[in-house]
Amino acid sequence: MFVEHLPDDRGQAHTLEAFTAAMLLVTGLIFATQATAVTPLSASTSNQHVENQAAIAAQDVLATAGDSGALSAALLYHDGDGFVGAGDDGTYASVPNATHPLHAPLREAFGDRQIAFNIDVYFPEDGGNSTGRVSMVDMGSPSDNAATASARVALYGDDRFGASDEYALAENGSASYYAPPVDADRAEVLYTVAEVRITAWQM
């Protein structure tokens with residue numbers, strides 16, 4: 001007697017259900033991954049990369065200029081009214097001109113990269129009981145992805161800068177210089193220790 005074997009409908013149904021469940025699981029995982037990667041509170045990989053590059057460039061400027069003496073020279077490049085060659089407010093609005101000690105390193109680090117930056121100088125006042133601040137370069141308000149690097153510079157009473165040593169700290173401090181001596185009685189030994197801070201961000 002010939003018996004015809006009909007296909008197992010239940011087996012096919014189970015296979016289809018398993019396949020559908022797997023597809024739903026994969027789709028859910030993809031959706032969840034994309035949803036968490038694009039939240040307003042999470043920084044994008046691109047922004048983080050730009051921030052890292054700006055931080056490295058700022059730190060390189062400080063390290064290079066510190067080793068060459070250009071950083072301390074830049075702090076001395078001040079005539080009482082402001083930094084030499086700066087605007088009416090005594091502050092540079094971009095990379096300082098070619099005579100400035102930091103012109104070359106700043107131009108190399110930021111000039112062709114569309115990176116804006118500010119440079120601020122902090123120094124002790126009132127015998128170290130408070131902190132003063134003067135702006136060397138001001139290119140505007142930093143973005144949320146700005147990076148910061150800083151370095152400390154010791155200034156001594158006999159430090160000089162310029163072709164004729166015209167930019168110098170007075171032996172006992174100078175009323176025209178933005179930073180007062182930490183100790184007027186010892187200004188010829190250590191005048192002050194300033195912190196130079198660079199804040200950089202993508203324009």
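Owing to the predicted nature of the structure, the values given are computational and were not obtained by experimental measurement.
Ionic pairing of R133 and D120 is present here: one or more N-O contacts between side-chain nitrogen and carboxylate oxygen are shorter than 4.0 angstrom.
Remark: A93 pairs with no residue by the side-chain contact (heavy atoms from CB on, under 4.5 Å) rule, at least two apart or across chains.
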| message | Could you walk me through whether V196 and M136 satisfy the side-chain contact (heavy atoms from CB on, under 4.5 Å) test, starting with their C-alpha distance in whole Å, then the side-chain angles of each, then the deciding distance to 0.1 Å, before giving a yes or no? | response | CA-CA 9 Å; V196 181; M136 182 184 295; 5.6 Å; no
| said: I'd like to know whether V121 forms a side-chain contact (heavy atoms from CB on, under 4.5 Å) with E195, so could you lay out the CA-CA distance, the side-chain angles of the two residues, the decisive distance to 0.1 Å, and finally the verdict. | reply: CA-CA 6 Å; V121 182; E195 178 187 351; over 6 Å; no
| said: Please determine whether side-chain contact (heavy atoms from CB on, under 4.5 Å) holds for the pair I119 and T199, giving the CA-CA distance in whole Å, both sets of side-chain angles, and the decisive distance to 0.1 Å. | reply: CA-CA 7 Å; I119 301 179; T199 304; over 6 Å; no
| request: Please report the C-alpha distance between N97 and T99 in whole Å, then the side-chain angles of each, then the deciding distance to 0.1 Å, and finally whether the side-chain hydrogen bond (donor to acceptor under 3.5 Å, both in side chains) criterion is met. | output: CA-CA 6 Å; N97 59 38; T99 61; 2.7 Å; yes
| query | Between H103 and V95, does a side-chain contact (heavy atoms from CB on, under 4.5 Å) hold up when you go through it step by step? | reply | CA-CA 6 Å; H103 171 79; V95 175; 3.8 Å; yes
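Going from atom CG of D138 over to atom OH of Y92 covers 13.5 Å, rounded to the nearest 0.5 Å. Between the CG atom in N118 and the CD1 atom in I198 there is a gap of 10.0 Å [rounded to 0.5 Å].
In terms of heavy-atom proximity, A154 sits nearest to L190 at CB-CD1, 4.0 Å. Between M203 and A116, the closest heavy-atom pair is CG-CB, 3.4 Å. The shortest non-hydrogen separation linking A74 to P101 is N-CG, 3.7 Å.
Between the side chains of Y122 and S150, not a single donor N or O lies within less than 3.5 Å of an accepting N or O.
Using a 30° and 60° split on the angle between ring planes, F123 and Y178 fall in the tilted class, from 30° to 60°.
Separation of the F110 and F117 ring centroids falls under the 6.0 Å cut-off. Outside the 6.0 Å centre-distance limit, the rings of H100 and F83 are not counted as a close aromatic pair.
A side-chain donor-acceptor contact under 3.5 Å links T91 to the backbone of S135.
Note on V134 and M139: same hydrophobic cluster, where clusters join Ile, Leu, Val, Met, Phe, Trp and Tyr whose side-chain heavy atoms are under 4.5 Å apart, directly or indirectly.
The environment of CG in N129 is crowded: more than 12 heavy-atom neighbours from other residues, nucleotides or ligands sit within 6.0 Å.
Listed by first and then second residue, the ring pair (Phe, Tyr, Trp, His ring centres under 6.0 Å) pairs that reach into residues 50-75 come to none, sequence neighbours excluded.
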All N/O donor-acceptor pairs, side-chain side in residues 57-68, below 3.5 Å, sequence neighbours left out:
unit_1: T64; atom_1: OG1; unit_2: D60; atom_2: O; d: 2.9
unit_1: S68; atom_1: OG; unit_2: T64; atom_2: O; d: 3.3
unit_1: S68; atom_1: OG; unit_2: A65; atom_2: O; d: 3.2
unit_1: S68; atom_1: OG; unit_2: A70; atom_2: N; d: 3.3

